[in-house]
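Read the structure below first, then the notes.
This structure is a prediction, so every number in the text was calculated from the model and none was measured.
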Amino acid sequence: MGTETTQTGGGPRRTVMTPAAGRALEAAGKLFYERGIHAVGVDLIAAEAGVTKKTLYDRFGSKEQLVVEYLADRDERWRAFLTRWLEELEARDAEPDAAARILAVFDASRAWTAEHSTKGCSMVNAHAEISDPSHPAHPIITGQKRWMLDLFTRLAGEVDQGRAEELGRSLMLLHEGALVAHGLQIFDDPVAEAGRRARELLHVHGR
């Protein structure tokens, strides 16, 4: 059986999932995140997933495509998690102000990292190994970060329209720096600390 893929909207080529492919992706994701992408070989992924190498190559075609699926899956799950978090804020408070929505992003990140990202941001970690823009997974990494910057900038515009870009970048730097510090485990709860700094920054801009 040959590799089955889909591609929509100019995004990365994606693999059509079967139960065996799903097991392989789950195993690959766990190994890539815990050990690093370059350190993990196809043999180990196949063994952990309980599938043959032939099945793995039939479904994904290459290790590169497994990396694409791993990062795309993480990205999709994070975006869905954050969207739900912001929707729940809207449900609790019919008209939350922009500052509350921005701070909710930091709260969501704190919850996500505690459960899913004990070793730091998967995109940042992957970029340390995949810096070549021609790699098919590279646009997923940079795409997530651009999406976060766009989100912060849009929300910042509701706080201070005249300085939306500047404030959005400052919030992005706080957020991403906190994710890196979380992975390094230099001090406790850096995402919460970043949220407090964001609150101070928003107070200044909201005056």
Residues at least two apart in sequence or cross-chain that pass side-chain hydrogen bond (donor to acceptor under 3.5 Å, both in side chains) with Thr52, listed by chain then number, are Thr55

Hits for ring-ring contact (aromatic ring centres under 6.0 Å, His included) against Trp78, two or more places apart or cross-chain, chain-then-number order -> Trp112

Students should find that the hydrophobic cluster of Leu184, defined by side-chain heavy atoms under 4.5 Å apart, otherwise consists of Val124, Val180, Ile186, Phe187

Q: State, without any angle test, whether His175 and Ser109 hold a side-chain donor-acceptor pair at a distance under 3.5 Å.
A: yes

The salt bridge (Lys or Arg N to Asp or Glu O under 4.0 Å) partners of Glu34 (sequence neighbours excluded) come to Lys30

So CE of Met172 and OG1 of Thr153: to nearest 0.5 Å the spacing works out to 9.0 Å

Applying salt bridge (Lys or Arg N to Asp or Glu O under 4.0 Å) to Glu166 and not counting sequence neighbours gives Arg163

Interatomic distance, CG@Leu31 vs CG@Leu44, rounded to 0.5 Å, equals 5.0 Å

Applying salt bridge (Lys or Arg N to Asp or Glu O under 4.0 Å) to Arg77 and not counting sequence neighbours gives Asp73

Sequence neighbours excluded, the answer for side-chain hydrogen bond (donor to acceptor under 3.5 Å, both in side chains) partners of Arg79 is Asp75

Residues pairing under salt bridge (Lys or Arg N to Asp or Glu O under 4.0 Å) where one sits in residues 194-204, two or more places apart or in two chains, turn out to be Glu193-Arg196, Glu193-Arg197, Arg197-Glu200

Exercise. May I have the step-by-step check of ring pair (Phe, Tyr, Trp, His ring centres under 6.0 Å) for Tyr70 and Phe60, ending in yes or no?
Key: CA-CA 11 Å; Tyr70 153 62; Phe60 296 95; over 10 Å; no

Output for pair (His135 NE2, Glu129 CD), nearest 0.5 Å, gives 9.5 Å

Residue pairs passing the salt bridge (Lys or Arg N to Asp or Glu O under 4.0 Å) test with at least one member in residues 101-117, sequence neighbours excluded, are Glu90-Arg101, Arg101-Glu158, Arg110-Asp189

The salt bridge (Lys or Arg N to Asp or Glu O under 4.0 Å) partners of Glu176 (sequence neighbours excluded) come to Lys145

Residue set satisfying side-chain hydrogen bond (donor to acceptor under 3.5 Å, both in side chains) with Asp43, at least two apart, ordered chain then number -> Lys53

Taken in chain and number order and not counting sequence neighbours, the residues that satisfy side-chain hydrogen bond (donor to acceptor under 3.5 Å, both in side chains) with Arg169 are Glu165

Q | Parallel, tilted or perpendicular: ring planes of His116 versus Phe81, cut at 30 and 60 degrees | A | perpendicular

Can you hop from Leu201 to Val159 via hydrophobic side chains spaced under 4.5 Å? yes

